[in-house]
Amino acid sequence: MTKGKEGALIRWSSTYYNLSAPLIQTNNPAGSGDATIDSSAVSNYKDISIEESFGTAMTMGF
């Protein structure tokens with residue numbers, strides 16, 4: 001579940017992760033969710049740990 005500028009709550013298997021979003025200046029947040037999901041998918045494909053995957057996704061999506 002995305003929480004906008006407050007980050008996201010993600011469930012992976014039976015574990016919940018409360019992720020924070022980096023504080024950046026933006027003019028238009030359109031596509032942020034897509035970038036977050038895409039980054040997670042690529043990290044998962046590359047066999048990166050779930051914690052690092054989510055960190056990358058939050059950075060790329062916001």
Provide the full list of ring pair (Phe, Tyr, Trp, His ring centres under 6.0 Å) pairs with a residue in residues 16-40, sequence neighbours left out, each pair given once.
Tyr17-Phe54
Restricting to non-hydrogen atoms, name the atom on Ile10 and the atom on Leu19 that form the minimum distance, rounded to 0.1 Å.
CD1-CD1, 3.3 Å
Could I get the full list of side-chain hydrogen bond (donor to acceptor under 3.5 Å, both in side chains) partners for Asp47, not counting sequence neighbours?
none
